[in-house]
2 protein chains.
Amino acid sequence: MADPYKIESRDRNVSIGASPLFLREDEIRRGAELLYFGYTRLTASIDEGLAEQGLGRAHHRALYFIARKPDLTVGELLKFLAITKQSLGRVLSELTNRDLIETRPGASDRRQKLLRLTESGAALEAQLFDDLRQGLSNAYTKAGQDSVSGFWRVLEGLIPEEDLPMIAALRKLG
Amino acid sequence: MADPYKIESRDRNVSIGASPLFLREDEIRRGAELLYFGYTRLTASIDEGLAEQGLGRAHHRALYFIARKPDLTVGELLKFLAITKQSLGRVLSELTNRDLIETRPGASDRRQKLLRLTESGAALEAQLFDDLRQGLSNAYTKAGQDSVSGFWRVLEGLIPEEDLPMIAALRKLG
DNA sequence: TATATACGTCAACATGGCTGACCCATATAA
DNA sequence: TTATATGGGTCAGCCATGTTGACGTATATA
């Protein structure tokens, strides 16, 4: 067999090649549940701060990526969010109306719109980021560094290959 | 200082006690991003199978927990989903109309309604579970067993203490 | 000059949350 | 035994956030 890990059966409790442990239903369910509860609890903690401003999660996601990559174009942001331009349009115009973001035309391509946080947008994003930091640094500290690496590795494996370069680009320069 | 890990500052790039690595902004952002993309990509893979049946994520979550804990009461399910009974009511009546779930009164407390999958509900849930299994077992296999343990540990740390017993109960008997 | 691309916008609609008000049946405590 | 609390249901209206489809404008590029 070329690849002993390749999945070739729809059976449950399937044992494949040398690695039966990874494929038992209970371990899959455990991961699914922890991912669900972990993700929802973390976002719930942010929702509170967000609600104070009369904003929702959609706004936060946009603020987050704009903070992360200043001068992001609308097209790039659309790829991160994986929503339609119409949906994003609403979010961006609300953020603009509240003076949380500002735009300017691209230097090399003036059709593009470069997105940036305003000063008050940056302040709000920082405040929301703090909730993220509280939750994640608490979890990191409790789990320990080795666990954090494993956490990252498994999550990376959940993401389709073709999306990884885009995500990796978030961690590079501006 | 009693607890060297305790967070006492809102500064970014803060270094605390003996464990500065865990608290740097980049590591927090990396975790937040991987969690976001990992979670959304995994659920997106399920949405396709769900859309074929004309169902949404809300239906899947209910099916999932009923599959996981047969004879779950409505009240218990409400706690897992953390939504209002009105929202859940819509979902459950749709699932009932499609003959995917069935109910019967509780034995010890006849006010309760015990929820179960029908045969076709179980078949559908199994099919949807397969998408979960594909995604997670692929990620588990790529990452390796040690990473999987770390993945679980960090996620557990993201969940408020008071919610953990409820989640642990999912892995016990019926 | 023709065409493709980046972005915007109007309109209608779906999903899945929410609040508030009110109901019934059954358990439980006074 | 009667009062109250609890588990669950339901109607009505609203909100946030996604979707399609159609169409418009400015700028790049072949």
Side-chain angles (χ1 to χ4, degrees), chain A residues 36 39-41 43-44 46-66 71-98 101-116, chain B residues 36 39-40 43-44 46-48 50-66 71-98 101-116:
Chain A
Y36 167 71
Y39 182 80
T40 59
R41 296 307 190 267
T43 58
I46 297 165
D47 286 345
E48 296 168 26
L50 228 27
E52 288 171 19
Q53 321 286 324
L55 297 174
R57 287 183 193 181
H59 304 97
H60 180 230
R61 288 193 287 263
L63 288 175
Y64 181 94
F65 285 112
I66 297 170
D71 287 336
L72 196 69
T73 69
V74 170
E76 288 172 321
L77 183 52
L78 278 172
K79 277 179 196 154
F80 286 123
L81 298 175
I83 59 176
T84 60
K85 64 175 173 175
Q86 293 92 327
S87 295
L88 180 56
R90 264 197 310 228
V91 171
L92 291 183
S93 70
E94 284 161 8
L95 292 176
T96 302
N97 290 342
R98 287 165 192 258
I101 62 172
E102 60 194 5
T103 69
R104 63 196 169 88
S108 58
D109 183 339
R110 287 183 322 195
R111 291 171 305 177
Q112 294 180 329
K113 249 168 87 173
L114 307 185
L115 302 164
R116 269 189 173 276
Chain B
Y36 167 71
Y39 183 82
T40 59
T43 58
I46 297 166
D47 286 344
E48 297 169 25
L50 227 28
E52 289 171 18
Q53 321 285 324
L55 298 174
R57 285 182 195 181
H59 303 97
H60 181 229
R61 287 194 286 265
L63 288 174
Y64 181 94
F65 286 113
I66 297 170
D71 286 336
L72 197 68
T73 68
V74 170
E76 288 172 321
L77 184 51
L78 278 172
K79 278 180 197 155
F80 286 123
L81 297 176
I83 59 177
T84 60
K85 64 175 174 176
Q86 293 92 327
S87 295
L88 180 57
R90 266 198 306 230
V91 170
L92 291 183
S93 68
E94 283 160 9
L95 292 175
T96 302
N97 290 341
R98 288 163 192 259
I101 62 172
E102 60 193 7
T103 70
R104 64 197 168 87
S108 58
D109 184 340
R110 285 183 324 193
R111 291 172 306 177
Q112 297 180 324
K113 249 168 86 172
L114 308 184
L115 303 163
R116 272 190 170 274

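So that the names make sense, note that chain A is the first sequence line, chain B the second, and so on, each numbered from 1. Just so it is clear, the structure is predicted and the values come from calculations on it, not from any experiment.
- In this entry the distance linking CG of A/Asp47 with P of D/dC15 reads 18 Å, nearest Å.
- Residue-level contact check: A/Gly89 touches neither bases nor backbone, having no heavy atom under 4.0 Å from any strand.
- Distance CG (A/Asp109) to P (D/dT29): 6 Å, rounded to an integer number of Å.
- Considering only the side chain of A/Ala58, D/dT17 comes nearest among D/dT17, D/dT19, D/dG9.
- Atom-to-atom, CG of A/Leu78 to C1' of C/dT9 comes out at 14 Å; the value is rounded to the nearest Å.
- The CG-C1' distance, from A/Leu77 to C/dG8, rounds to 15 Å in whole Å.
- One finds the CG atom of B/Asp109 at 9.5 Å from the OG1 atom of B/Thr73 (value rounded to the nearest 0.5 Å).
- Put simply, A/Arg110 has a side-chain N or O that comes within less than 4.0 Å of OP1 or OP2 on D/dA28.
- Using a 4.5 Å heavy-atom threshold, the side chains of A/Val74 and A/Lys85 count as separate.
- Protein atom NE2 of B/His60 is 18 Å distant from nucleotide atom P of C/dT15, rounded to whole Å.
- Nearest nucleotide to the side chain of B/Ser87, out of C/dC18, D/dA28, D/dT17: C/dC18.
- When the side-chain nitrogen and oxygen atoms of B/Arg61 are compared with OP1 and OP2 of C/dG17, one or more of them lie within a distance under 4.0 Å.
- Taking the side chain as every heavy atom from C-beta outward, B/Arg57 and B/Arg61 approach each other to under 4.5 Å.
- Taking the nucleotide of DNA chain D with the nearest heavy atom to each of B/Thr73 and A/Gly54, the more 5' of the two is matched to B/Thr73.
- On a pure distance criterion of 3.5 Å, a polar donor-acceptor pair joins the side chain of B/Lys85 and the base of D/dG9.
- Shortest non-hydrogen contact noted between B/Leu50 and B/Gly56 is CD2-O, 3.4 Å.
- Look at CZ on B/Arg57: it is 14 Å from C1' on C/dA14, rounded to the nearest Å.
- Side-chain contact between A/Val91 and A/Leu81 is absent, with no heavy-atom pair separated by less than 4.5 Å.
- Side-chain atoms of B/Val74 lie closest to D/dG8 of the nucleotides D/dG8, D/dT19, C/dG16.
- Along DNA chain D, the nucleotide nearest B/Leu92 and the nucleotide nearest A/Arg111 are compared for position; the residue whose nucleotide lies closer to the 5' end is B/Leu92.
- The side chain of A/His59 places an N or O atom within less than 4.0 Å of a non-bridging phosphate oxygen (OP1 or OP2) of D/dT17.
- On a pure distance criterion of 3.5 Å, no polar donor-acceptor pair joins the side chain of A/Arg90 and the base of C/dG8.
- The CG atom of A/Leu95 sits 14 Å away from the C1' atom of D/dA16 (whole-angstrom rounding).
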Query raised in the report: Passes side-chain contact (heavy atoms from CB on, under 4.5 Å), A/Leu55 versus A/His60? Steps please.
Result: CA-CA 8 Å; A/Leu55 297 174; A/His60 180 230; over 6 Å; no
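- Listed candidates were D/dG18, D/dG9, C/dA27. Nearest to the side chain of B/Lys113 is D/dG9.
- Closest to the side chain of B/Gln86, from the set C/dA6, C/dG17, C/dT19, is C/dT19.
- Taking atom CD1 on A/Ile83 and atom P on D/dT20, their separation rounds to 12 Å, with Å as the unit.
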